[in-house]
Number of protein chains: 2
Amino acid sequence: MHGEMAPGQALTLRGIGKEFGVSMTPAREAVRRLAAEGALSLSTSGRVSTPELTRDRIEELAALRALLEVELASRALPRAHMALIDRLQSINMAVAEMVTKRDAVGYIRSNLEFHRTLYLRAQAPAMLAMAETVWLQLGPTMRALYGRLRRTEPPHYHRLIIAALKAGDEPGLRLAVRSDVTQGLRLLVT
Amino acid sequence: MHGEMAPGQALTLRGIGKEFGVSMTPAREAVRRLAAEGALSLSTSGRVSTPELTRDRIEELAALRALLEVELASRALPRAHMALIDRLQSINMAVAEMVTKRDAVGYIRSNLEFHRTLYLRAQAPAMLAMAETVWLQLGPTMRALYGRLRRTEPPHYHRLIIAALKAGDEPGLRLAVRSDVTQGLRLLVT
DNA sequence: CGGGAAAGTTTGTGATCACATAAGCTCATG
DNA sequence: CATGAGCTTATGTGATCACAAACTTTCCCG
């Protein structure tokens, strides 16, 4: 999810087991679970690797993010008090720091933390779980993306999100979230 | 997914294995995968059972169905030719027959087939997979619902969906799908 | 007659193993 | 130098087992 692995990276059950000090059995269960969620892909012969997404699949997952996260943000809006907004701002500073440090994994991690912190207020666990499943599928691809583009400025749309939350502006919030979510992936596709 | 099991029904790995003529190992993998998708729930001690959803969770899953399936229908609309509409109408007759036969499982199965047939045209496999994950989570609950209410009339909104497809009426289609998807579950909540 | 402790049973977990297959490598050949 | 056949290695699969924890049943005592 955090882009620690590149797309197409191969894994083995014995390797995973050794890495975590267990046998193949728990490694297999973890792999099968992640494969069921789309976070890993299994070849026809059962080999395990991180997925290499096609352009179409990336666009579809971006559309899913927009669909789910706009709804989550909208549901969080009436419950978003000042303490939450403060936390979002502080997380956003961490995001900006990761940008200057060119730390792709740190950037993805803190960026997702920003979103999750907001969505937790929506009180919609099933919806949040679905959004996280999409994040999981996009993890390696996001790594490839943010490793490619050389950003220097902190995320613009995060400030719009915070502003819309402060103003209680639901249409503005929906637009800001949708833009933030689709912006990055749009660059990858071109 | 098809409501063959009641909510809260317990399962054992050995029992599943025996039922399918395999050992515990493949049974475990299947159970863990289904649990990851929310189709089964694992107790803290690892016991397996179908989920018993709370009212809040049912409402949330209904909202998710609406969100995802409205989008899928909308994407399918421009590709929906006469052959598809014919197929939908024939599936819809099967649905009506299941209603008169009071066959809950058959009803759920053919009803979902109706929706899946339409959504396949959307060419959005990740989105369809998410919708099916929601169906999977709702399976046992739907069984309990359709076992409770004694319907006699065939699904009204399916005809609206077909009519909107014929007319190329996107707003009408969105409304019809949203109504169809939320209608049944609304009854359960009250 | 009720309740709880103890014995017995069921159940999930993780490890290990044999096996079949896929992947990688070596080496001879054109 | 490229190429492919044959061999070696690596890898996933499913079965089985020992163990610990949880659940069920039994039985005894208040």
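Only this structure's heavy atoms are used, side chains among them; waters, hydrogens and symmetry mates stay out. Every chain is numbered from 1, with letters handed out A, B, ... down the list of sequences.
Chain B approaches DNA chain C within less than 4.0 angstrom (heavy atoms of the protein), and the contacting nucleotides run 5' to 3' from C/dT11 to C/dG14.
Side-chain contact between B/Val31 and B/Leu11 is absent, with no heavy atoms from C-beta onward closer than 4.5 Å. By the 4.5 Å heavy-atom criterion applied to side chains, A/Leu64 and A/Met130 are not counted as neighbours. Inter-residue side-chain proximity for B/Tyr157 and B/Thr182 is flagged as unmet; no heavy-atom pair is nearer than 4.5 Å.
Distance alone, capped at 3.5 Å, places no donor-acceptor pair between the A/Arg121 side chain and the A/Ala76 backbone.
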Between B/Trp135 and B/Asn111, is the side-chain contact (heavy atoms from CB on, under 4.5 Å) condition met? List the steps. CA-CA 11 Å; B/Trp135 297 349; B/Asn111 181 45; over 6 Å; no
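A salt bridge links B/Arg75 with B/Glu71: the distance from a Lys NZ or Arg NE/NH1/NH2 to an Asp or Glu carboxylate oxygen falls below 4.0 Å. Using a cut-off of 4.0 Å between Lys/Arg side-chain N and Asp/Glu carboxylate O, B/Glu170 and B/Arg174 are scored as salt-bridged. Salt-bridge formation is not detected for the pair A/Arg33/A/Glu29: no Lys NZ or Arg NE/NH1/NH2 atom is positioned less than 4.0 Å from an Asp or Glu carboxylate oxygen.
Residues of residues 6-28 of chain A having a heavy atom closer than 4.0 Å to DNA chain D, listed by number: A/Leu11, A/Thr12, A/Leu13, A/Arg14, A/Met24, A/Arg28. Annotation: proximity of residues 33-47 of chain B to DNA chain D (heavy atom, distance under 4.0 Å) is found for B/Ser45, B/Arg47, numbered in ascending order.
For the atom pair B/Leu34 CG and B/Thr133 OG1, the distance stands at 10.0 Å (nearest 0.5 Å). Once rounded to the nearest 0.5 Å, the distance linking NE2 of A/His2 with CD of A/Glu113 reads 8.5 Å.
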